[in-house]
Number of protein chains: 2
Amino acid sequence: MSAQLQNAPTIAAQEHTPVTPRTSQPRERGIPEATVARLPVYLRALQALHESGTPTVSSEDLAEIAGVNSAKLRKDLSHLGSYGTRGVGYEVEYLIYQISRELGLTQDWSVAIVGIGNLGRALANYGGFGTRGFRIAALLDADVSIVGDKVAGLAVGHIDTLEDVVEKENVSIGVIATPASAAQGVCDRFIEAGVTSVLNFAPMVLNVPPGVDVRKVDLSIELQILAFHEQRKSDGHVESGRIGQTGNAR
Amino acid sequence: MSAQLQNAPTIAAQEHTPVTPRTSQPRERGIPEATVARLPVYLRALQALHESGTPTVSSEDLAEIAGVNSAKLRKDLSHLGSYGTRGVGYEVEYLIYQISRELGLTQDWSVAIVGIGNLGRALANYGGFGTRGFRIAALLDADVSIVGDKVAGLAVGHIDTLEDVVEKENVSIGVIATPASAAQGVCDRFIEAGVTSVLNFAPMVLNVPPGVDVRKVDLSIELQILAFHEQRKSDGHVESGRIGQTGNAR
DNA sequence: CCCACTTTGTGCGTACTTTCACAAGGGCGT
DNA sequence: ACGCCCTTGTGAAAGTACGCACAAAGTGGG
């Protein structure tokens with residue numbers, strides 16, 4: 001056997017908590033976290049299909065592209081509603097819309113990136129943002145020698161303008177790409193300014209109050225997980241690995 | 001209510017498969033994937049404690065720092081063996097060694113990064129590598145205009161030397177930081193050259209044969225997951241969120 | 001209008017995770 | 001030495017996730 005982890009979870013939700021109260025409506029808002037994490041993967045696959053002119057797709061085919069089990073994919077989609085047609089499959093364009101809506105991508109989210117080093121620049125230049133419901137509202141850094149520089153068409157602002165930017169641009173998601181030592185401070189300022197969702201690239205656990213979502217992406221952690229599996233392979237174990245691909249799930 | 005996801009899983013293992021045959025030895029090699037994903041987080045927390053001169057730490061305190069439930073932390077560590085002392089806690093230095101060993105960080109792993117754009121540079125300059133058992137053996141790119149440039153002290157090589165580098169430097173982990181369109185091709189070459197662990201930053205699912213581990217980190221997927229939760233908050237739901245922090249787990 | 005074929009949506013069993021709660025174990029003061 | 005207090009390690013319960021297998025539901029041909 002073997003393994004394949006594609007999409008590994010080094011990013012992880014910090015915790016959970018029931019969510020979805022006890023209201024119990026028709027189809028109560030209760031999409032499993034694991035499903036939410038895979039929806040973006042399906043969305044990407046669907047967009048590729050759409051661009052290639054494919055009108056409909058079966059769960060089998062879409063699952064193949066997304067790298068998951070087809071039953072899992074159907075169950076995931078069933079949480080959104082019954083958008084498929086038996087005997088036919090799913091209409092690509094319609095499904096793209098439904099998933100986008102569910103993920104909240106039909107509205108625009110303003111993002112502010114703090115820490116414009118190589119990683120911050122990579123993020124700013126990452127094409128996937130603007131095209132998927134996100135708008136980079138500002139790039140901020142503490143280093144005055146780069147403040148004013150143009151990155152991805154935007155002038156880098158000074159970190160001290162964070163609060164102003166958050167308010168004026170209605171920033172709802174803060175991205176931290178600073179060194180670990182500055183992360184908590186930036187995070188606190190984001191929260192103080194009203195931001196309730198933070199994407200943290202700094203290698204440290206952020207301390208945040210209830211109500212704030214933090215997702216963390218840690219490059220070295222991913223490598224460490226790979227090292228673990230790599231070690232196992234040479235340990236003389238007849239292990240199998242993994243295949244399939246979760247989508248950011250954890 | 002509230003939430004905090006810290007460490008979210010946008011990175012996800014593609015699949016699994018039993019692993020750990022039917023041998024059943026004393027304490028068979030069977031560390032849960034969820035645990036493996038958290039070990040790097042504990043390791044980082046422990047290293048911080050070590051640097052600040054703390055000799056021992058209780059599961060309660062370490063869990064607090066790492067952002068997880070203390071019972072979970074104890075259970076995770078129990079998979080490695082009994083390295084704690086009741087009534088006292090864990091000896092920081094000893095635990096660092098044990099986790100490092102388990103993760104395979106006591107040996108050096110050679111890493112080759114392909115795609116030296118902003119992201120590739122960010123990765124190359126990321127301090128967490130060298131200090132944690134990883135050695136960047138080569139930086140490769142297809143763009144001849146940057147081949148030869150010095151990045152993080154290394155000269156960028158041409159992608160055509162990939163096979164040579166993998167063999168000479170004994171590369172065991174390949175990092176793909178290229179555009180999506182080039183990712184599969186690079187991945188195939190890595191595999192053909194003998195690499196069995198790949199860390200993919202390109203926004204696409206890689207197709208790999210059994211025996212190869214692929215972990216994927218997708219920036220836009222993380223943002224989409226945050227958008228989903230952010231949307232829920234304003235949906236008028238009295239949701240709770242999450243707290244705690246998984247560590248790259250799936 | 002009916003039948004054969006295809007593909008969805010899901011009930012169900014299994015496996016994995018998380019968390020609680022507590023017994024077992026070790027240190028320290030007296 | 002004894003006993004109290006603290007913290008680990010873990011059994012058991014609860015919650016989640018996964019994937020199989022199949023009934024339900026459309027499609028299209030005859």
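Both backbone and side-chain heavy atoms feed into the values below; hydrogens, waters and symmetry mates do not. Every chain is numbered from 1, with letters handed out A, B, ... down the list of sequences. A quick note: this is a predicted structure, and the numbers were derived from the prediction, not measured.
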Within the structure, does a side-chain N or O atom of A:N69 lie under 4.0 Å from either OP1 or OP2 of D:dA17? no

Among D:dC18, C:dG9, D:dG9, which nucleotide sits nearest the side chain of B:R74? D:dG9

What is the distance, to the nearest angstrom, from the CG atom on B:D61 to the P atom on D:dC6? 14 Å

Are B:Y94 and B:Y83 close enough that their ring centers fall under 6.0 Å? yes

Nucleotide C:dC16, atom C1' - distance to CZ of B:R38 in whole Å: 11 Å

Show your reasoning for whether salt bridge (Lys or Arg N to Asp or Glu O under 4.0 Å) applies to A:E33 and A:R38. CA-CA 9 Å; A:E33 195 59 27; A:R38 283 186 293 267; over 6 Å; no

Would you say a side-chain N or O of B:S82 is under 4.0 Å from OP1 or OP2 of D:dG9? yes

Keeping A:E230 on the side-chain end and B:I173 on the backbone end, is there a donor-acceptor pair under 3.5 Å? no

Expressed as a whole number of angstroms, how long is the span from A:H79:NE2 to C:dT10:P? 9 Å

Starting from P on C:dG9, measure out to CD on A:Q98 and report it in whole angstrom. 12 Å

Looking at the side chain of B:K75, which of D:dA12, D:dT27, D:dT7 is the nearest nucleotide? D:dA12

Is a side-chain donor or acceptor of A:Q184 paired with a backbone partner of A:N207 at a separation under 3.5 angstrom? yes

Is A:Y83 near enough to C:dT7 that one of its side-chain N or O atoms lies under 4.0 angstrom from OP1 or OP2? no

Would you please confirm or rule out a distance under 4.0 Å between OP1 or OP2 of C:dG9 and any side-chain N or O of A:Y90? yes

Side-chain atoms of A:S58 come closest, of C:dT7, C:dT17, D:dT7, to C:dT7

Considering only side-chain heavy atoms of A:R86, which listed nucleotide, D:dT27, D:dA25, C:dT18, is closest? D:dA25

For C:dT8, does OP1 or OP2 lie under 4.0 Å from any side-chain N or O of A:S59? yes

Between the side chain of A:N200 and the main-chain N/O of A:M204, is any donor-acceptor distance below 3.5 Å? yes

Let me know, please, whether B:T35 or A:E60 comes out on the 5' side of the other along DNA chain C by nearest nucleotide. A:E60

Can you tell me the distance, in whole Å, between the CG atom of B:D76 and the P atom of D:dT10? 13 Å

Taking D:dA25, C:dC20, D:dT7 as options, the one with an atom nearest any side-chain atom of B:A71 is C:dC20

Whole-Å distance between C:dC16 C1' and A:E33 CD? 17 Å

If you check every side-chain atom of A:K72, which of C:dG9, D:dC18, C:dT18 has the closest atom? D:dC18

Round to the nearest Å and state the distance from A:L80 atom CG to C:dT10 atom P. 12 Å

Whole-Å distance separating the OH atom of A:Y42 from the C1' atom of C:dT8: 15 Å

